[in-house]
Amino acid sequence: MERKKILISLFFVFVTLSLVTAGFSKDKPVDSQWAAAPASIDGMNTEWGNIPMNKYKKSKVEYAFMNGQDDLFILFIFKNPKFLSSINWTGMTVWFSPQGKKDKDLGIRFIKKKILADEYIAIAEKQTGRTLSESEKENIRQHKSYMFFEQELINKKAEGYSEDEPMPKFKSAGFRTNNLEKTVIYEFSISLTKLAEIVPELEAEPGKTLNLNFEWGGASKEYKEALASGLAQGDMSGRAGRATGSATRERGASESSAENETYRSDLARMRGQLLRIKKYDFWVDLNLAQNE
């Protein structure tokens, strides 16, 4: 048991030391374009043809912004799928900070999840505020699972906030993803009005400037726990096997040396896995457009 605790503790030390971050953007401020009508959030770039794209070369992504009086729309395109990293585990978090600051206190985490039909029914009833009919439920159950696009508000300054018990869902935001040829498209809609209500000093309104950060990849909490659990279980299984075998052989220094070598090998393998999972993170100074 003691060895298991040490193994898991060392695992989290490796997580902290091994994540690779792409760093901060040093590009000039980016201009959002005025949106005369709300964008259709469908994971496609058909409405963005005349909007200039900006590039973040370290992760081969392109992005653009539009905004109206109340909403901000973001197009984010991965030109090379290898830079998606572990986005399916971590989702994409968009952080917002007042002009001149780079604080990760307020953000929205966007993540898509595969959910079962009954989970879909429960979500639909909660969102609509009514109980679905049996025929509606049967229609939903014709498919075993659905892709659900979830948005989670992160407000670290809110009273009682905890990473283990996050804030309620940010219902006024939305997003979709889509694969198009060799690119992966993420499209977001975020309520500027809601952001301004939560953090007034953010000044999230047309004509103002705010700092915005894109963050994805790395070893998510869920991934770290799964890897740590699997590694610990493997260590316990190995110990049980060695204990059974030791009943028929002489205990000695050679057995202890073999255990230590296996232990070091497991840690090296774990560290290698984590080093390959890169975390990407960059800031953008965004000038919100205003209707002229």
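Atoms CD1 and CD1, from I108 and I198 in turn, are 7.5 Å apart once rounded to the nearest 0.5 Å. Put simply, NZ on K79 and OG1 on T183 are 6.0 Å apart, with the number rounded to the nearest 0.5 Å. From Q33, atom CD reaches atom CG of N67 across 9.0 Å, with rounding to the nearest 0.5 Å. Within the model, atoms CG of N291 and CH2 of W34 stand 4.5 Å from one another, a figure rounded to the nearest 0.5 Å. In this structure, CD1 on I74 lies 4.0 Å from CD1 on I190, to the nearest 0.5 angstrom. If you take CG on L132 and CG on N139, they are separated by 10.5 Å, rounding to the nearest 0.5 Å.
P29 and N287 make their closest contact through CB-ND2, 3.7 Å (heavy atoms, listed as atom of the first residue, atom of the second, distance). Residues W95 and E215 share a closest heavy-atom pair of NE1-OE2, 3.5 Å. In plain terms, the two heavy atoms of S97 and K102 that are nearest each other are OG-N, 3.6 Å. Considering all non-hydrogen atoms of both residues, I111 and T90 come closest at CD1-C, 4.1 Å. Looking at every heavy atom in both residues, L288 comes nearest to S32 through CA-CB, 4.1 Å. The minimum heavy-atom distance between A117 and H143, with the atom names listed, is CB-O, 3.4 Å.
Cluster membership for I123 and L153, using ILVMFWY side-chain heavy atoms within less than 4.5 angstrom, is not shared. Tracing side-chain contacts under 4.5 Å through hydrophobic residues (I, L, V, M, F, W, Y), one reaches L106 starting from L210; they form part of the same cluster. Cluster membership for I115 and F149, using ILVMFWY side-chain heavy atoms within less than 4.5 angstrom, is not shared. By the criterion of side-chain heavy atoms lying less than 4.5 angstrom apart, applied directly or through intervening Ile, Leu, Val, Met, Phe, Trp or Tyr residues, F214 is grouped together with L286 in one hydrophobic cluster. Residue F188 is not grouped with residue M44 when hydrophobic side chains (ILVMFWY) are merged at heavy-atom distances under 4.5 angstrom, including chains of intermediate members.
In this structure the side chain of T93 reaches within 4.5 angstrom of the side chain of I154, judged on heavy atoms. Using a 4.5 Å heavy-atom threshold, the side chains of Q99 and E203 count as separate. Here the side chains of V94 and F175 are not in contact, with every heavy-atom distance at 4.5 Å or above. Looking only at side-chain heavy atoms (C-beta outward), Y63 and V30 come within less than 4.5 Å of each other. Counting only heavy atoms from C-beta outward, the side chains of P206 and Q69 approach each other to under 4.5 Å. In this structure, the side chains of N88 and K112 come closer than 4.5 Å at one or more pairs of heavy atoms. No side-chain heavy atom of F73 sits under 4.5 Å from any side-chain heavy atom of E187. Counting heavy atoms from C-beta on, the side chains of L72 and L212 come closer than 4.5 Å.
Here the side chain of E47 pairs a donor or acceptor atom with the backbone of S40 at under 3.5 angstrom. Side-chain N or O atoms of S85 include none that pairs as donor or acceptor with a backbone N or O of K279 at under 3.5 Å.
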After noting the C-alpha distance and the side-chain angles of Y56 and V284, does the key distance pass the side chain to side chain contact (heavy atoms under 4.5 Å, CB included) rule? CA-CA 10 Å; Y56 185 65; V284 175; over 6 Å; no

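The pair R130-E136 counts as a salt bridge, with a side-chain nitrogen and a carboxylate oxygen less than 4.0 angstrom apart. A salt bridge is absent between K28 and D285: the closest approach of a Lys/Arg side-chain nitrogen to an acidic carboxylate oxygen does not fall below 4.0 angstrom. A salt bridge does not link K157 to D103: none of the charged nitrogens lies less than 4.0 Å from a carboxylate oxygen.
A donor and an acceptor atom, one from each side chain of D281 and N213, are located under 3.5 Å apart. If you check the side chains of D70 and T193, you find a donor sitting under 3.5 Å from an acceptor. Side-chain atoms of S133 and S135 form a donor-acceptor pair, as typed in the model, at a separation below 3.5 Å.
Residue W216 forms a ring pair (Phe, Tyr, Trp, His ring centres under 6.0 Å) with just one option from Y186, W89, F110, F76, and that option is F76.
Atom OH of Y120 is surrounded by 12 or fewer heavy atoms from other residues, nucleotides or ligands within 6.0 Å.
Aromatic pair Y280/F78: centroids not less than 6.0 angstrom apart.
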